[in-house]
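Have a look at the structure below, then the notes.
Residue numbers begin at 1 in each chain, while the letters A, B, ... track the order of the sequences.
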Amino acid sequence: MTDGPRVRIAPSPTGFFHVGTGRTALFNWLYARQQGGTFVLRIEDTDTARNRPEHVDGILRAMQWLGLDWDEGPYFQSERTALYADAIERLLASGAAYACDCTPDAVSERARQRGDKTPGYDGFCRDRGLEPLAGRLVRFRTPDTGQSSFDDVIRGTVTVDNAKIEDFGVRKSNGDPLFLLANVVDDAEMAITHVIRGEDHVSNTSKYLLLWEALGYGPRPVFAHLPLLLNEARKKLSKRRDKVAVEDYRDEGYLPEALRNYLALLGWSPGDDREILTLDELVAEFRLEDVKSAGAIFDERKLQSVNSEYLRAFTVDDLVDRAQAWLLTRWQPLAALVQERVRTLAEVYSMTDFLYLPQLVVDAEEWARGVRKHPAFAAVLAAASKRYTEIDEWKAAVIHDATVAAGEEAGVAQLGKAQAPVRLAVTGRSVGPPLWESLEALGRDRTLARLAEAQRRLESGG
RNA sequence: GGCCCCAUCGUCUAGUGGCCUAGGACACUACCCUCUCAAGGUAGAGACACGGGUUCGAAUCCCGUUGGGGCUGCCA
């Protein structure tokens with residue numbers, strides 16, 4: 001173990017790896033590398049209901065793609081439950097925590113009756129002396145008086161009246177630890193010295209510190225809350241509304257070094273006019289205390305320009321290599337299926353061009369015969385769009401089932417007839433590799449976009 | 001609503017009391033270059049939210065207002 005600072009990135013596997021998490025990871029990584037510290041990767045998977053193993057793979061893939069190598073981990077909170085159980089027992093034993101059997105409905109109902117001046121938990125079970133049995137939530141007893149404050153490297157001193165902090169949960173009624181508890185225990189156990197995270201955690205920090213003190217963990221870590229990444233509407237980048245998955249940017253042809261460079265410039269600047277900086281320069285010049293405190297809009301156009309600067313700076317040979325590798329990732333999933341059907345290498349192109357073309361060129365005759373001819377085909381496209389939207393996992397077998405169901409819904413019993421209009425609408429051709437795998441490779445978003453486009457064309461009489 | 005955080009061109013930012021007539025980049029406009037498109041070059045438009053203080057002097061410090069955001073979950 002080195003003497004330098006210990007920092008961590010603690011993503012939760014409940015969705016794709018978010019660019020905001022990527023930026024936080026990058027800043028932690030830069031700080032660790034610059035200070036000769038240790039960068040820890042910890043997977044916060046305490047929410048067993050929402051965890052998805054494939055998202056863990058996605059996190060590791062995205063981190064590696066971005067070049068953010070970690071020195072320790074990945075640690076999994078799901079494998080450290082004894083630690084949290086022990087901490088909760090200690091809180092219970094000292095009276096710092098207590099059991100609560102209020103339902104969420106009861107809590108909000110009481111808040112409503114009070115006039116809802118201070119929503120949140122009202123301390124109803126504080127002194128009822130309930131046994132912490134299974135089925136009961138365990139809450140931390142927050143002080144009624146005094147203030148909690150901490151010094152933030154980026155924001156200065158933040159102070160909150162303890163009375164404003166409600167008794168928050170530390171253990172679910174099913175026995176699983178809650179975020180605040182597991183987070184604090186692990187930071188202490190892992191000897192994290194600097195907590196560098198998003199601004200959305202500022203208000204969690206006073207709770208964090210209260211727990212930290214109650215558990216007797218000694219000197220606190222240093223805090224640095226990074227400004228949030230915002231969308232054009234100046235709202236926190238959200239999974240639902242915005243394109244936030246790091247891997248989406250990879251798939252669209254952004255270079256990891258360009259994304260990294262751009263992300264580094266969101267909230268930080270080298271202090272002069274340079275905007276293209278090598279990793280070594282970032283490591284050398286990054287200053288945590290110089291990070292701005294105001295939120296930053298993630299502007300894809302600017303990212304594009306940074307990306308194109310990198311692209312142009314390549315040697316031609318490098319560009320060929322990088323482009324070749326990217327091109328390959330798109331059609332490689334279909335390689336074996338394509339192989340069985342081609343007579344020349346040129347046909348590899350015609351069988352996979354739909355994966356690359358921004359705009360399909362559909363032969364008028366094919367369109368007339370394959371889509372426009374049967375009234376039911378329009379219904380097939382509509383039904384397929386709907387069912388594809390509802391699919392949980394975008395996999396060939398599932399797409400197959402959804403297409404069969406869409407065909408039946410549209411009154412087309414034969415699978416062949418159901419897939420024909422979809423194939424033409426989505427790939428622009430009536431022949432090609434098996435459709436399900438093709439759609440899987442294309443991706444759901446682009447598949448849906450092409451179905452919508454085909455439907456518009458039909459409606460406008462095309 | 002409550003608590004917390006924030007505030008320089010449309011966007012990312014430089015600026016840490018005089019160097020600011022506020023600089024750069026993206027995007028935008030015009031022109032040049034040019035077989036097209038990019039790239040490149042030149043020029044242009046474009047910001048210190050507002051009001052009070054402090055100071056010889058304020059984008060920079062203080063207070064207030066306004067505006068924006070975050071949190072307010074048996075999610076993280």
Side-chain H-bond candidate by donor/acceptor type, A/D251 with A/W326, under 3.5 Å: no
Counter-base of B/C20, judged by Watson-Crick or G-U geometry with both distances under 3.5 Å: none
A/K172 vs B/G73: side-chain N/O to OP1/OP2 distance below 4.0 Å: no
Sugar-phosphate, base or nothing in reach of A/H225, heavy atoms under 4.0 Å: nothing
Residues A/K164 and A/D144 bridged, charged N to O under 4.0 Å: no
Shortest side-chain distance from A/S269, nucleotide among B/G70, B/U13, B/A27: B/U13
Touch class at under 4.0 angstrom, heavy-atom based, for A/G169 against every strand present: nothing
Sugar-phosphate, base or nothing in reach of A/G267, heavy atoms under 4.0 Å: sugar-phosphate
Polar pair under 3.5 Å, donor/acceptor by atom type, side chain A/R50, base B/C75: yes
Sugar-phosphate, base or nothing in reach of A/T46, heavy atoms under 4.0 Å: sugar-phosphate
Distance, rounded to the nearest Å, where A/K207 contributes NZ and B/U72 contributes P: 7 Å
P spacing across the pair B/A14 / B/G24, given as an integer number of angstrom: 15 Å
Nearest to side-chain heavy atoms of A/K292, which nucleotide of B/A14, B/C75, B/G70: B/A14
Distance, rounded to the nearest Å, where A/E199 contributes CD and B/A7 contributes C1': 12 Å
Atom CD of A/E289: over 12 foreign heavy atoms under 6.0 Å: yes
Distance between C1' atoms of B/U60 and B/U16 (Å, rounded): 7 Å
Length of the line joining A/N307:CG and B/A39:P, which is rounded to integer Å: 14 Å
B/U42: pairing nucleotide in any strand, Watson-Crick or G-U under 3.5 angstrom: B/A30
Polar pair under 3.5 Å, donor/acceptor by atom type, side chain A/K302, base B/A25: yes
Sugar-phosphate, base or nothing in reach of A/D152, heavy atoms under 4.0 Å: nothing
A/D273 side-chain proximity, nearest of B/C6, B/G23, B/G73: B/G23
Residue mapping more 5' on RNA chain B - nearest nucleotide basis, A/D161 or A/L303: A/D161
Touch class at under 4.0 angstrom, heavy-atom based, for A/E275 against every strand present: base
Same-atom distance (P) from B/A47 to B/U42, integer angstrom: 23 Å
Between P of B/U13 and CZ of A/R23, the distance in whole Å: 9 Å
A/W268 and A/F286 aromatic ring geometry - parallel, tilted or perpendicular at 30°/60° bounds: tilted
Among B/C4, B/U11, B/C6, the nucleotide that comes nearest once only the side chain of A/S293 is considered: B/C6
Nearest-nucleotide pick for A/P104, side chain only, options being B/C74, B/A76, B/G10: B/C74
Whole-Å distance separating the OH atom of A/Y208 from the C1' atom of B/U72: 21 Å
Gap between atoms OH and C1', on A/Y121 and B/C3 respectively (whole Å): 20 Å
Minimum-distance nucleotide to A/S203 side chain [options: B/U13, B/C71, B/C74]: B/C71
Under-4.0 Å side-chain N/O to phosphate OP1/OP2 contact, A/S305 with B/A25: no
Parallel, tilted or perpendicular, as decided by the 30° and 60° cut-offs, for the rings of A/Y262 and A/F298: perpendicular
Nearest to side-chain heavy atoms of A/R155, which nucleotide of B/C26, B/A76, B/C6: B/C6
Rounded distance (Å) that lies between atom C1' of B/C12 and atom CH2 of A/W268: 14 Å
Any residue meeting ring pair (Phe, Tyr, Trp, His ring centres under 6.0 Å) with A/Y98, in chain and number order, not counting sequence neighbours: none
Nucleotide B/C5, atom C1' - distance to CZ of A/F223 in whole Å: 16 Å
Salt-bridge criterion met for A/E213 and A/R220 (N-O under 4.0 Å): yes
Counterpart base for B/G64, defined by Watson-Crick or G-U wobble contacts under 3.5 Å: B/C50
Phosphate OP1/OP2 of B/G23: any A/R274 side-chain N/O under 4.0 Å: no
Touch class at under 4.0 angstrom, heavy-atom based, for A/T159 against every strand present: sugar-phosphate
Selected nucleotide, minimal atom distance to A/L137 side chain, candidates B/C74, B/C3, B/U11: B/C74
Nucleotide opposite B/C3 in a Watson-Crick or G-U pair, distances under 3.5 Å: B/G70
Which residue lies more 5' along RNA chain B, comparing A/K235 with A/L266 via nearest heavy atoms: A/L266
Proximity to the side chain of A/S12 - top-ranked nucleotide from B/C71, B/A76, B/A14: B/A76
Minimal non-hydrogen separation, A/E275 against A/N261, with atom names: O-ND2, 2.9 Å
Whole-Å P distance, B/G41 and B/G52: 44 Å
Rounded distance in Å between the P positions of B/G73 and B/G68: 23 Å
Euclidean distance for P, B/A38 against B/U11 (whole angstrom): 26 Å
Integer angstrom distance from the P of B/A45 to that of B/U8: 23 Å
Span that lies between the P atom of B/G2 and that of B/A58, in whole angstrom: 35 Å
Presence of A/R312 side-chain N/O under 4.0 Å of B/G40 phosphate oxygens OP1/OP2: yes
Under 3.5 Å side-chain donor-acceptor pair for A/R42 and A/S12: no
